[in-house]
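In what follows, a structure is listed as structure tokens, so that the remarks can point back to it.
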Amino acid sequence: MSGIYIHIPFCKKACTYCDFHFSTSLKYVDEMVDAICLEIIKKKDRITDQVGTIYFGGGTPSVLPTKHFEKIFDTIIKNFTVSSDAEITIEANPDDLTGPKILELRKLPVNRFSIGVQSFFEEDLIWMNRAHNALEAETSIKRSQDAGFENLSIDLIYGYPLLTDSKWLTNINKAIEFEIPHISAYSLTVEPKTALAVAIKRGKDIPLNDEQSASQFITLIDKLTTGGFEHYEISNFSKPGKYAVHNTNYWRGVTYLGIGPSAHGFNGNVRYLNIANNAAYLSSMELGKIPETIEELDLYDRFNEYIMTSLRTMWGTSLSKIESEFGKFFLADTLKTMESFVERDWLYQEDNHLKLTTDGKLFADYIASELFLSAEDHR
Ligand code: SF4
């Protein structure tokens, strides 16, 4: 089954660390929803099987009025066959999840919220320039659960200067106490051109500390796995079987459509990248043209993509898949490169799969990049 990702490029405020594509002006929301619906119609032939997941990401999808979600769902249902048990997720910010809004969303086909909590501490949320406060972080979860949204995920951030180890423990424990089945936790990174990067450069904020981040990551793994969560992907933890289906499908190379400015789509061989600019997206869609660039992935791109995504998961990288899909050369190179990481106790082999140890998880991107191959390697 395939997936549909819809990017809603609007936010109430700009978080200091964020480099996603969004606008804080909600002026063109109506036009954007019309353009998104048109793009859905234009891409109807790109999916031939059932749709198993729909994911509204952003930006902040929860800023959309309910009537706009209705319009998008109507368009999807008219143009695709959506599986009766499809996972349908909306990323939501706590301040948007008011009682009435949750009840409105309950009437839609939505069955999962991914709530951008980030921290339960007021001063942290202020430092991040989040639109919500600490009280809303908690009430949004409680209200969603009371309204019958059991399939919840929350996002947390660690590794920033204000987050002491004791506050981090409190954030983790609160998430466990809410009995949320899924938690995504991200180490804060300083992306170029963000307000955080500028503040650090000007000496108004202190640089991030890698050791703090690593130790908070280890605490996270320890607490959540002890609390009954599976660490199924570097940044994702779930109660058994409660994996995020949409995201897991990305890592498995399943076909998905990307709709909206900056959205990406993939069909196994080709990646589609929409323009990351609201005005340019709208004017192109007005002319009936999808503003996308198309990237054909060659064997090496697909191999590197497989390494990058599979290694981050608890299922690991299948050595037999490398041999059957990419060939003996790829397998031989992988086996050779992995040796030094096995010696360092960062990788291990289990059931013919390559997996990260806990220490290895701290260096996942580096290890994956060392395993990458290019055409030059085989000349
Ligand atoms: S709400 Fe999300 S997308 Fe919007 S600015 Fe904050 S982190 Fe970025």
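This structure is a prediction, so every number in the text was calculated from the model and none was measured. When reading the values below, keep in mind they use all heavy atoms of this one structure, side chains included, and skip hydrogens, waters and symmetry mates.
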Please report whether the ring centroid of Phe69 lies less than 6.0 Å from that of Phe56.
yes

Using side-chain hydrogen bond (donor to acceptor under 3.5 Å, both in side chains) as the criterion, list what pairs up with Asn267, not counting sequence neighbours.
none

Within the side chain of Asn173, is there an N or O that forms a donor-acceptor pair under 3.5 Å with the backbone of Leu169?
yes

With a 4.0 Å cut-off on N to O distance, would you call Glu292 and Arg46 a salt bridge?
yes

Ion pair check, Glu138 and Lys174, cut-off under 4.0 Å:
yes

Taking Ser83 for the side chain and Asp85 for the main chain, is one N or O donor matched with an acceptor at less than 3.5 Å?
yes

Heavy-atom side-chain proximity of Glu295 to Leu273 below 4.5 angstrom
yes

Does the pair Asp34/Lys71 count as a salt bridge with the N-to-O cut at 4.0 Å?
yes

Electrostatic pair Glu39:Lys43 at N-O distance under 4.0 angstrom:
yes

Donor-acceptor pair, Glu31 side chain versus Glu286 backbone, under 3.5 Å?
no

For the residue pair Tyr256 and Phe266, categorise the inter-ring angle as parallel (less than 30°), tilted (30 to 60°) or perpendicular (more than 60°).
tilted

Here's a test for you: under side chain to side chain contact (heavy atoms under 4.5 Å, CB included), which of Ile322, Leu373, Ile367 qualifies with Ile307?
Ile322

side-chain hydrogen bond (donor to acceptor under 3.5 Å, both in side chains) test vs Tyr55 passes for just one of His7, Glu87, His246, Glu91, namely Glu91

